[in-house]
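All values below come from the heavy atoms of this structure, side chains included, with hydrogens, waters and symmetry mates left out. Residue numbering restarts at 1 for every chain, and letters A, B, ... go by the order of the sequence lines.
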2 protein chains.
Amino acid sequence: MNEFRDEITILKALAHPARLAILEALRQSEACVCHLEALFGWRQAYLSQQLMVLRAAGLVADRREGWNVYYRVARPEIYAVLDALDQAVPNTESLPHPAFLSSCACPQCQGKSKSDRLTLQIEVENR
Amino acid sequence: MNEFRDEITILKALAHPARLAILEALRQSEACVCHLEALFGWRQAYLSQQLMVLRAAGLVADRREGWNVYYRVARPEIYAVLDALDQAVPNTESLPHPAFLSSCACPQCQGKSKSDRLTLQIEVENR
DNA sequence: TAATTATATTCAAAAAGACGAATATCATGG
DNA sequence: CCATGATATTCGTCTTTTTGAATATAATTA
């Protein structure tokens, strides 16, 4: 039963709505924590905890740039798993994920001209 | 975050070595509980518990035939998920799964001629 | 109907996971 | 070096999951 060890770790990491949502967000591009904070409206510590689990499972990697830490997917093959899952599930309706908010103050955001930024308001649960 | 509910249930069901093993066994064909018992060498109640979780997640279905209850995969698309996972993981070595033992007394087994049966002995953890 | 076989469910204790609150770390600007 | 901004970690509590043990149920045969 040892052959499963890694798979189990990854499946456990995936089996959580917040972490799935993070991975969906990172599908589009890498993102700093403040981005994700703005996107989801979660407490910073909560977000960090979830990122920690994803990191421990080897699913995401991080890169520090000054104040900000950028997260990216470390194992893009994981999306094949998620896609296959979507196929397998009598899916309610998997709405495409909301784009990033512009409320993040990281240099990457501030570098963009205001008109480039998306202003889509999304409703998320507050945690 | 509601779109994930079903996926989460399924992922949780998958995130367990015994349940993954059961699904791998059922990949080949349906099997009665006694088969799986003989194959894995687990307690009957333990096996039944795991089957219950898989059933609750909608992953397997059962069919009663006299004394025996045969389990089969209810959502074959799930194997696409498992295959994708295998691809994604720096897999130790995913040994092909052992064939069924012949020690099961169900009619399906007894119907086979002795020479048809596999006698491969496998080592499994005893639970 | 009673005994038997195959399987399912319940119960309880231990372990693991979730998450809010508080606190720590790390880089930067003054 | 100190204050601040961004992020990470620790801690405590609550909930869920895991699993052995015991017990229950369903089908079958005597």
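- Proximity note for Tyr46(A) (side chain, C-beta onward) versus dT9(D), dG20(C), dA8(C): the nearest is dG20(C).
- Contact check for Val53(B) versus Leu59(B): no side-chain heavy atoms found under the 4.5 Å cut-off.
- For the pair Arg43(B) and Glu37(B), the salt-bridge criterion is not met [side-chain N within less than 4.0 Å of a carboxylate O].
- From Leu82(B), atom CG reaches atom CG of Leu11(A) across 7.5 Å, with rounding to the nearest 0.5 Å.
- Between the CG atom of Asn68(B) and the P atom of dT4(C) there is a distance of 19 Å, rounded to whole Å.
- The distance from atom CD1 of Ile22(B) to atom P of dA8(C) is 11 Å, rounded to the nearest whole Å.
- Counting only heavy atoms from C-beta on, Gln44(A) has its side chain closest to dT7(D) among dA6(C), dG17(C), dT7(D).
- Residue Met52(A) is the one, among Lys12(A) and Met52(A), whose nearest nucleotide of DNA chain D lies closer to the 5' end (criterion: closest heavy atom).
- Contact annotation: side chain of Gln49(A) to base of dT10(D), donor-acceptor pair present below 3.5 Å.
- Side-chain contact between Tyr71(A) and Leu47(A) is absent, with no heavy-atom pair separated by less than 4.5 Å.
- One can place CD1 of Ile8(A) at 15 Å from P of dT17(D), the figure rounded to the nearest angstrom.
- Between the P atom of dT28(C) and the CD atom of Glu65(A) lies a distance of 10 Å, rounded to the nearest Å.
- dA8(C) atom P lies 7 Å from atom CZ of Arg64(B), rounded to whole Å.
- Counting only heavy atoms from C-beta outward, the side chains of Val69(A) and Leu51(A) never approach each other to under 4.5 Å.
- The interatomic distance linking Arg43(A) (CZ) with dT10(D) (P) rounds to 16 Å, in whole Å.
- Separating the CG atom of Leu54(A) from the C1' atom of dA8(D) is a distance of 15 Å, rounded to the nearest angstrom.
- Which of dA22(D), dT19(D), dC19(C) sits closest to the side chain of His16(B) comes down to dT19(D).
- Nucleotide dT7(D) holds its C1' atom 16 Å from the CD atom of Glu30(A), rounded to whole Å.
- Two residues, Trp67(A) and Asp62(B), neighbour DNA chain C, and the one matched to the more 5' nucleotide by heavy-atom proximity is Asp62(B).
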